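In what follows, a structure is listed as structure tokens, so that the remarks can point back to it.
Remember, it's a predicted structure, so these values are computed and weren't measured experimentally.
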Amino acid sequence: MSTPRSLSFGAQAAAYERGRPSYPPEAIDWLLPRGATKVLDLGAGTGKLTTRLVERGLDVVAVDPIAEMLEVLSASLPDTPALLGTAEEIPLPNESVDAVLVAQAWHWVDPERAVPEVARVLRPGGRLGLLWNTPDQRLGWVRELGEIVGFAHDPLDAHSGLPAPFTDVERHRVEWTNYLTPQALIDLVASRSYCITSPADVQTRALERVRELLATHPALANSPGVALPYITTCVRTDLG
């Protein structure tokens with residue numbers, strides 16, 4: 001969770017917060033183990049998932065390797081502990097949480113190092129839950145947007161398994177729609193690692209193409225809002 005590309009988001013923390021979606025309640029319901037009270041949001045970013053967990057009355061700790069992201073999180077969740085750390089080095093005691101949830105970040109980690117760390121901080125029978133929001137490119141304009149910014153089609157294509165002791169893995173998908181302003185859609189693109197780490201001229205051209213899509217596509221032109229369909233892919237596994 002600490003590769004140069006994964007650490008690049010700090011430069012666009014504000015855009016990340018404005019443009020990135022939250023997570024549907026159905027996905028969170030499916031991921032959380034029954035009776036969980038203490039939850040680690042690992043790779044918490046600006047707190048998109050953290051907020052949803054705090055709203056449920058859970059005792060939440062947020063961990064992320066990027067200080068700028070945690071500053072945004074703490075501004076809206078001042079009572080939630082926000083700690084610098086990675087999946088490979090979690091700053092929590094042994095057997096201290098009921099669940100570890102990782103939203104939009106597991107593809108950045110080294111599983112061989114992260115899995116033992118997650119197992120260390122989980123209480124016996126605790127759960128590791130992973131989730132990703134991916135725009136649903138079955139809709140024409142979303143497919144065109146994906147051609148500009150390179151949306152993944154299935155985040156699990158390269159992450160189909162987990163090392164022991166997490167061997168019994170279940171999967172679930174939730175289809176839903178996020179409603180945002182045209183400017184928030186531009187922020188969504190600006191906050192993606194592809195855009196952040198590209199040369200300035202490539203960034204500028206990508207954002208110009210998004211503005212052009214917003215202005216010319218029949219489903220988007222002259223609309224005050226954008227309905228962006230998502231598929232949230234969830235993975236859960238319990239510590240034996």
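- Between L84 and D64 there is no side-chain heavy-atom pair separated by less than 4.5 Å.
- Annotation: side chain to side chain donor-acceptor pair (under 3.5 Å) contacts involving residues 24-39, sequence neighbours excluded, comprise E26-H172, D29-R56, T37-D98.
- Counting only heavy atoms from C-beta outward, the side chains of I90 and V118 approach each other to under 4.5 Å.
- Under the 4.5 Å side-chain contact rule for hydrophobic residues, L139 and I231 do not share a cluster.
- With rounding to the nearest 0.5 Å, the separation of NZ in K48 from OG in S76 is 9.0 Å.
- L185 has its side chain within reach of L188: a pair of non-hydrogen atoms, C-beta onward, lies under 4.5 Å apart.
- Between L180 and P21 the shortest side-chain heavy-atom distance does not fall below 4.5 Å.
- Residues that satisfy the side chain to side chain contact (heavy atoms under 4.5 Å, CB included) test with P182, not counting sequence neighbours, are L214, V226.
- For P111 against P116, the heavy-atom pair with the smallest separation is O-CD, 4.0 Å.
- A heavy-atom distance below 4.5 Å is found between the side chains of I28 and L49.
- Annotation for V60 and T80: closest pair O-CG2, 3.5 Å, computed over non-hydrogen atoms.
- In summary, R209 and E212 do not engage in a salt bridge, as defined by a charged side-chain N under 4.0 Å from a carboxylate O.
- The shortest distance between side-chain heavy atoms of L31 and R127 does not fall below 4.5 Å.
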Could you list the donor-acceptor pairs under 3.5 angstrom formed between side-chain atoms of residues 140-150 and any protein atom two or more places apart in sequence or on another chain?
unit_1, atom_1, unit_2, atom_2, d
R143, NH1, Q137, O, 3.2

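- Annotation: N222, atom CG; neighbour count of heavy atoms from other residues, nucleotides and ligands within 6.0 Å does not exceed 12.
- With respect to the salt-bridge test (charged N to carboxylate O, under 4.0 angstrom), the residues R52 and E55 qualify.
- Every residue two or more places apart in sequence or in another chain that forms a side chain to side chain contact (heavy atoms under 4.5 Å, CB included) with T181 is listed here: Q183, A184.
- The two residues V174 and P24 make their nearest non-hydrogen contact at CG1-CG, 3.9 Å.
- Remark: E170 engages R236 in a salt bridge, criterion side-chain N to carboxylate O under 4.0 Å.
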Original post:
Yes or no on side chain to side chain contact (heavy atoms under 4.5 Å, CB included) for L32 and L101, after CA distance, side-chain angles and deciding distance?
Top reply: CA-CA 8 Å; L32 284 172; L101 299 189; 4.0 Å; yes
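- The two residues T50 and A44 come nearest to each other via the heavy atoms OG1-CB, 3.7 Å.
- The backbone N or O of A227 lies less than 3.5 Å from no partner atom in the side chain of N178, so there is not a single donor-acceptor pair.
- For the residue pair A164 and V115, the shortest heavy atom distance occurs at O-CG1, 3.6 Å.
- The CG atom of L122 lies 5.5 Å from the CG atom of L239; values are rounded to the nearest 0.5 Å.
- The CG atom of L228 sits 9.0 Å away from the CG atom of D136 when rounded to the nearest 0.5 Å.
- Using modelled atom types, one finds a donor on one side chain and an acceptor on the other under 3.5 Å when comparing W176 with T232.
- Taken to the nearest 0.5 Å, the CG atom of L53 stands 6.0 Å off from the CG atom of D41.
- The side chain to side chain contact (heavy atoms under 4.5 Å, CB included) check on S96 picks up L92, P93, V121, with sequence neighbours excluded.
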Original post:
Given the rule in the side chain to side chain contact (heavy atoms under 4.5 Å, CB included) test, do E112 and E88 qualify, once you have shown the distances and angles that lead to the verdict?
Top reply: CA-CA 9 Å; E112 296 300 328; E88 295 82 7; over 6 Å; no
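- In this structure, CD1 in I66 is found 11.5 Å from CD in E71, a value given to the nearest 0.5 Å.
- With contacts defined as side-chain heavy-atom distances shorter than 4.5 Å, the pair E208/L213 does not qualify.
- Under the rule for a side chain to side chain contact (heavy atoms under 4.5 Å, CB included), the partners of T237 that lie at least two apart in sequence or sit in another chain are L128, L162, F166, V169.
- Using a 4.5 Å heavy-atom threshold, the side chains of D238 and D168 count as separate.
- In the hydrophobic cluster analysis, where Ile, Leu, Val, Met, Phe, Trp and Tyr join through side-chain heavy atoms closer than 4.5 angstrom, L131 is grouped together with L58.
- A distance of 16.0 Å separates CH2 of W132 from OH of Y230, quoted to the nearest 0.5 Å.
- Within a 6.0 Å sphere centred on CD of E89, heavy atoms belonging to other residues, nucleotides or ligands number 12 at most.
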